[in-house]
Amino acid sequence: MKNDEVRATLSELIEGCNSNAQALRSAGQQAKSQELRKLLDRRAEECAEAANKLRLELDRTDGHPPSGEGRSDLEILEHCEHSEDRTKENYEKALSRELPEPIKEVVRKQHEGVLRNHGQIKALRNRMRSSA
């Protein structure tokens with residue numbers, strides 16, 4: 001399997017784990033039974049841990065040491081920018097689709113936030129590069 005395919009597969013799994021963790025947390029907050037709340041919270045935590053482990057593998061496939069292991073601030077920012085690039089692309093794909101207008105408006109506003117975040121990360125990265 002090519003490196004791009006491995007990265008795409010890992011990214012999909014991470015996204016799925018994060019989505020599942022969020023859904024389980026939300027369901028746990030709505031559960032009336034203490035037992036069900038505990039079960040859903042525990043499963044949400046397991047999903048979050050799985051996403052973190054997959055993220056470490058994704059870092060390795062990108063040629064970076066695992067998060068927190070000897071990476072400079074510049075390397076961390078470069079990794080964050082790469083992640084922001086993927087998020088930006090996902091929002092741009094979504095905006096190019098025929099979404100109902102109320103949903104498209106929500107996505108449009110979130111896209112503005114994504115662009116703002118991306119710009120801030122990129123500016124800081126560029127500042128760090130020029131001072132290095």
Of the non-hydrogen atoms in [X] and [Y], which two are nearest, and what is the gap between them?
X	Y	result
Glu105	Arg108	OE1-NH1, 2.6 Å
Ala21	Cys47	CB-CB, 3.7 Å
Ile14	Ala51	CG1-O, 4.0 Å

Point to revise | Ser11 (side chain) donor-acceptor with Arg7 (main chain) under 3.5 angstrom | key: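 Side chain of Ser11 to backbone of Arg7: a pair is present.
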Side chains of [X] and [Y], heavy atoms from C-beta outward: is any pair under 4.5 Å?
X	Y	answer
Leu54	Leu58	no
Asp41	Lys38	no
Lys104	Val107	no
Thr87	Gln110	no

At what distance, to the nearest 0.5 angstrom, does [atom1] of [X] lie from [atom2] of [Y]?
X	Y	atom1	atom2	value
Gln30	Leu40	CD	CG	10.0 Å
Leu10	Leu56	CG	CG	11.0 Å
Asn90	Asp85	CG	CG	11.0 Å
His111	Leu115	NE2	CG	4.0 Å

Review point. More than 12 heavy atoms of other residues, nucleotides or ligands under 6.0 Å from CD of Glu15: is that the case?
Key: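 Atom CD in Glu15 is not packed in, count stays at 12 or less.
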Review point. Is the CD atom of Glu101 crowded by more than 12 outside heavy atoms at less than 6.0 Å?
Key: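 Counting other residues, nucleotides and ligands, CD of Glu101 exceeds 12 neighbours.
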Practice item. Not counting sequence neighbours, which residues clear side chain to side chain donor-acceptor pair (under 3.5 Å) with Arg25? List them please. Key: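 Side chain to side chain donor-acceptor pair (under 3.5 Å) check on Arg25 returns nothing, list empty.
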Say whether [X] and [Y] are linked into one hydrophobic cluster, either directly or through other cluster members, by side-chain heavy-atom distances under 4.5 angstrom.
X	Y	result
Leu36	Leu24	yes
Val106	Leu95	no
Ile121	Met128	yes

